[in-house]
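Just below is one structure, and these are the notes that go with it.
No experiment lies behind these values; they were computed from the predicted model shown. When reading the values below, keep in mind they use all heavy atoms of this one structure, side chains included, and skip hydrogens, waters and symmetry mates.
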Amino acid sequence: MSLDVRSMKDALAGNAYPGRGIVIGKSADGKKAMFAYFIMGRSNNSRNRVFVEEGDCVATQPFDESKVEDPSLIIYYPVKSVGKDIIVTNGDQTDTIEEALKAGKCFRHALKTRKFEPDAPNYTPRISGILHLGGTYSYEMSILKSADGLGEKCNRYTFDYEPVDGLGHFIHTYEKDGNPLPTFSGEPERVKIPNDLKAFAEEIWENLNGENKISLYCRAVDLSTGATEKILYNKFTK
């Protein structure tokens with residue numbers, strides 16, 4: 001593994017607010033596809049959330065429904081499956097991708113119809129990933145970003161990966177904390193993926209900022225048998 005591949009600890013430690021993040025890759029032994037999705041929050045409205053499994057899907061739900069201020073950008077399905085594909089995103093573009101796949105269209109085509117979130121002045125990027133588990137495993141990632149800082153133009157970037165044992169790619173919404181929040185830039189970061197899902201999940205959870213982290217979901221899929229392992233952490237539990 002080349003020296004430009006970091007551990008998730010190194011990728012997260014000291015960064016108070018990477019925002020929402022997606023990691024997709026392949027276990028070090030080459031046997032499993034693995035991914036993770038986490039959310040963070042600074043406002044009371046954003047922090048008032050938990051992840052809930054609904055069959056093969058994952059949904060965000062309010063922790064305390066009486067405290068919900070605006071559900072529009074915080075309540076969605078981060079994870080859904082269509083056939084042998086698993087979709088993971090930071091917003092309701094999950095549904096857009098699902099509908100496109102069911103109509104015989106692709107990940108990139110679906111995201112051509114969407115843009116960043118309308119939350120001026122941050123214009124939070126929409127980040128998305130898809131794991132293709134039918135046949136030879138591959139995955140794609142995407143980020144939709146404001147092109148001008150004014151919310152008028154959108155740049156759309158898609159990355160298509162042939163998996164490498166022990167390697168993953170990590171994309172997140174923000175470079176760091178700030179006002180306005182600075183958008184993630186460059187290609188998804190190269191990170192190490194271990195064999196053990198629990199170790200992977202714990203490394204992420206323990207190195208997310210303790211004040212701002214909210215929830216984390218991780219999944220591993222055995223590429224030979226299809227057997228699935230899942231781990232879910234919520235800062236708040238009902």
- prompt: Counting distance only, does the side-chain N/O of R47 pair as donor-acceptor with the main-chain N or O of G41 below 3.5 Å?
  reply: yes
query: Are any non-hydrogen side-chain atoms of H132 and Y139 less than 4.5 angstrom apart?
result: no
Pairs where residues 200-211 contributes a residue and the test side-chain hydrogen bond (donor to acceptor under 3.5 Å, both in side chains) is met, not counting sequence neighbours: N209-N212
- prompt: So which heavy atom on F116 is nearest to which on K153, and how close?
  reply: CE2-O, 3.3 Å
message: Please check if the number of heavy atoms outside R108 that lie under 6.0 Å from its CZ is greater than 12.
response: no
message: With a 4.5 Å cut-off on side-chain heavy atoms, are L111 and I97 touching?
response: yes
field: Y123 (side chain) donor-acceptor with L150 (main chain) under 3.5 angstrom
entry: yes
Point-to-point distance, once rounded to the nearest 0.5 Å, from OH of Y161 to CD1 of I24: 9.0 Å
field: Partner residues of D196 under the salt bridge (Lys or Arg N to Asp or Glu O under 4.0 Å) criterion, sequence neighbours left out
entry: none
message: Taking P125's backbone N and O only, do any of them form a donor-acceptor pair with N90's side chain (distance below 3.5 Å, no angle check)?
response: yes
message: Could you check whether atom CG of D119 has more than 12 heavy atoms from other residues, nucleotides or ligands sitting under 6.0 Å from it?
response: yes
query: side-chain contact (heavy atoms from CB on, under 4.5 Å) with F184: which of T173, T124, I127, I171?
result: I171
Cationic N near anionic O, under 4.0 Å, D165 to K26: yes
task: Work out which heavy atom in E69 is nearest to a heavy atom in N45; give both atom names and the distance.
output: N-OD1, 2.9 Å
query: What is the minimum heavy-atom distance between G19 and Y174, and which atoms define it?
result: CA-CD1, 3.6 Å
task: Look at atom OH of Y77 and say whether more than 12 heavy atoms of other residues, nucleotides or ligands are closer to it than 6.0 Å.
output: no
task: Please examine the side chains of Y17 and M40, heavy atoms only from C-beta on, and report whether any two atoms are closer than 4.5 Å.
output: yes
message: Checking the side chain of T89 only, and the main-chain atoms of S128 only, is there a donor and an acceptor separated by less than 3.5 Å?
response: no
task: Mind checking side chain to side chain donor-acceptor pair (under 3.5 Å) for S43 and listing every partner two or more places apart, or none if nothing turns up?
output: none
message: One thing to verify: whether D95 and K80 come together as a salt bridge, which I'm taking to mean a side-chain N less than 4.0 angstrom from a carboxylate O.
response: yes
message: Please find the pair of heavy atoms, one from I130 and one from D85, that lie closest to each other, and give the distance.
response: CD1-CB, 4.0 Å
message: Given 3.5 Å as the limit, does a donor-acceptor pair link the side chain of R49 with the main chain of T60, or not?
response: no
- request: Test Q93 against every option in E117, R114, K115, R126 by the side chain to side chain donor-acceptor pair (under 3.5 Å) rule and name the one that passes.
  value: R126
task: Side-chain contact test, heavy atoms from C-beta onward, threshold under 4.5 Å: evaluate it for K192 versus M8 and give yes or no.
output: no
field: Side-chain ion pair, R42 and D177, N-O less than 4.0 Å
entry: yes
field: Residue pairs involving residues 214-224 (criterion side-chain hydrogen bond (donor to acceptor under 3.5 Å, both in side chains); sequence neighbours excluded)
entry: D56-R219, S215-N234, Y217-R219, D222-T225
- prompt: What pairs with N48 under side-chain contact (heavy atoms from CB on, under 4.5 Å), at least two apart in sequence or on another chain?
  reply: P62, F63, D64, K67, V68
- line: Applying salt bridge (Lys or Arg N to Asp or Glu O under 4.0 Å) to E53 and not counting sequence neighbours gives K230
query: Under 3.5 Å, is there a donor-acceptor pair between the side chain of N195 and the main chain of A28?
result: yes
